[in-house]
Amino acid sequence: MTQQTIQNLFSNYLSKKPIFSNKKVLMSNYTPDTVPHRENQINQLGRIILPALKNERPSNVFIYGSTGTGKTLVTNYVLNELVIAGKQNNTKISTIYVNCKMKRVADTEYRFLAFLADKLGKKVPPTGLPTDQVYKIFFKALEEQEGVLIIIIDEIDSLVDKVGDDFLYNLTRINQDLENVKVAIIGISNNISFTDYLDARVKSSLSEEDLIFPPYNAVQLQDILQERTKIAFSEGILECGVNQKCAALAAQEHGDARRALDLLRVAGEMAERNGDEIISIKHVDMAEEKVDTDRILEVVKTQPKQSKAIIYTLLSKIENESDKILTGDVYNTYIATCKKVILKPLTQRRVSDILSELDMLGIINAKVISNGRYGRTREISLAFSKDLHTKIMDFLKNEFYF
DNA sequence: AGTCCACAGGAAGGGCAGGCGA
DNA sequence: TCGCCTGCCCTTCCTGTGGACT
């Protein structure tokens, strides 16, 4: 592209009527003024945490529902309101929000405690101290607090899966040793059967109250999108049926509002990039493909070298042989791949774990099957379209200098 | 009913890098 | 600088398992 034409491109872009008037409202971290179709949950949660306004400890709450059902949004919304009411009432209410899925922030017991202590104003080094000392620092920080403190632990299941439920046991018993501050815990999880695996004592004290968030249906999603589009886009930009299509697609995916918003945002970006003045159904279709492609490609890109070698092995095996392959085959071919790219091969045990990780990340589908006397193994297939195969393969070939 | 395969996956521990306090 | 602690990645060793085969 010559300099002249790129200048034309820029001035063309600037002279067009803008597609977005406020893109922020389509982001997942945006808290709107109202939360449609969650009135019940807002009321229930509100009632549970009411005692905080009288400087009493509210019950611990356990919230569950699948992704994009508004759990975090409702919790933040209600707690914001609670803090405001507390201020008017001269009651000190503070909240700490922790997301246990955030890598290198709160994904281990140490980091989790360090994060909480940090929020309470006590610095803990990122590593180096014994865990019991971090507990001490955290308790000390708590002792200096007063009023009611509500700790929201989002994606709590992923931390418990990783480090066990001991830290929850300690946390739920925290109040016995504290005088000035009352601590309540709100646990949020995507996994409905999560509490089944907890220690009985932890379970009973953590879920003194339970709240369930059902998935949104297509009509409800449409309402949510309608509210946001009024603020997000310039007037008359949206073709009829765009909202419906985004809502319908997201409803198929367990009523995930986050996905609906993503689709709408990316559709807008697609239109913007193409220089179109109206967002049409065509853009939603493009957005659907892009959202999936981007997610998987991003996951592949961020994998360590060994996982990439395994993904490469899987792709080449599936390309050349059958759609479904077994662990043993993968391992043998992986050894060959390692030789080719001069990588020290891992043991089968470790490869088995990496395959489980890839399964959890949604890159592969792995199902444990039994072939009778020919053993038990995992049957592995790829979780994305043929189209994406080529893109990922190209990326990996480039990565390994093939 | 018992055997046997090819793994799955749990437990324990080694080695490393990074950080702290003495 | 050294000893101690952490998380992380990995290996080694081990037990468990579903179902075809005998």
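Computed over heavy atoms, backbone and side chain alike; hydrogens, waters and symmetry mates excluded. Numbered from 1 within each chain, the chains take letters A, B, ... in sequence-line order.
One can find a donor-acceptor pair under 3.5 Å joining the base of B:dG10 and the side-chain atoms of A:R349. At a cut-off of 3.5 angstrom, the base of C:dT17 holds at least one donor-acceptor pair with the side chain of A:R376.
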Quiz item: Step by step, would you call A:S385 with A:D387 a side-chain hydrogen bond (donor to acceptor under 3.5 Å, both in side chains)?
Solution: CA-CA 5 Å; A:S385 66; A:D387 231 27; 5.5 Å; no

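When rounded to the nearest whole Å, the span between CZ of A:R350 and P of C:dC14 equals 21 Å. We find that CG of A:L343 is positioned 15 Å from P of C:dC9, with the value rounded to whole Å. Regarding A:F112, its CZ atom lies at a distance of 14 Å from the P atom of C:dG7, rounded to whole Å. In this entry the distance linking NZ of A:K308 with P of C:dC9 reads 14 Å, nearest Å. A:D329 has its CG atom 12 Å from the C1' atom of B:dC7, to the nearest Å. Rounded to an integer number of Å, the gap from CD1 of A:I354 to C1' of C:dC10 is 9 Å. Atoms CD (A:Q348) and P (C:dC13) sit 15 Å apart, rounded to a whole Å. The CG-P distance, from A:N371 to B:dC4, rounds to 18 Å in whole Å.
The side chain of A:R111 contributes an N or O atom lying less than 4.0 Å from OP1 or OP2 of C:dC8. When the side-chain nitrogen and oxygen atoms of A:T327 are compared with OP1 and OP2 of B:dA8, one or more of them lie within a distance under 4.0 Å. Taking only side-chain nitrogens and oxygens, A:S352 comes nearer than 4.0 Å to OP1 or OP2 of B:dA8. Within the 4.0 Å cut-off from OP1 or OP2 of C:dT11, at least one side-chain nitrogen or oxygen of A:T347 is found.
Of the candidates C:dC10, B:dC7, B:dC4, the closest approach to any side-chain atom of A:L346 belongs to C:dC10.
Remark: A:R228 fails to qualify as a cation-pi partner of A:Y30 under the 6.0 Å distance and 45° angle criteria applied to the six-membered ring.
Between A:A271 and A:I278 the shortest heavy-atom distance is CB-O, 4.1 Å.
Within a 6.0 Å radius of CD in A:E289, other residues, nucleotides and ligands contribute 12 heavy atoms or fewer.
In this structure, A:F233 has its ring center closer than 6.0 angstrom to the ring center of A:F20.
With the nearest nucleotide of DNA chain B identified for both A:Y374 and A:D353, A:Y374 has the one nearer the 5' end. Nearest-nucleotide assignment on DNA chain B puts the 5′-proximal partner with A:R373, out of A:L355 and A:R373.
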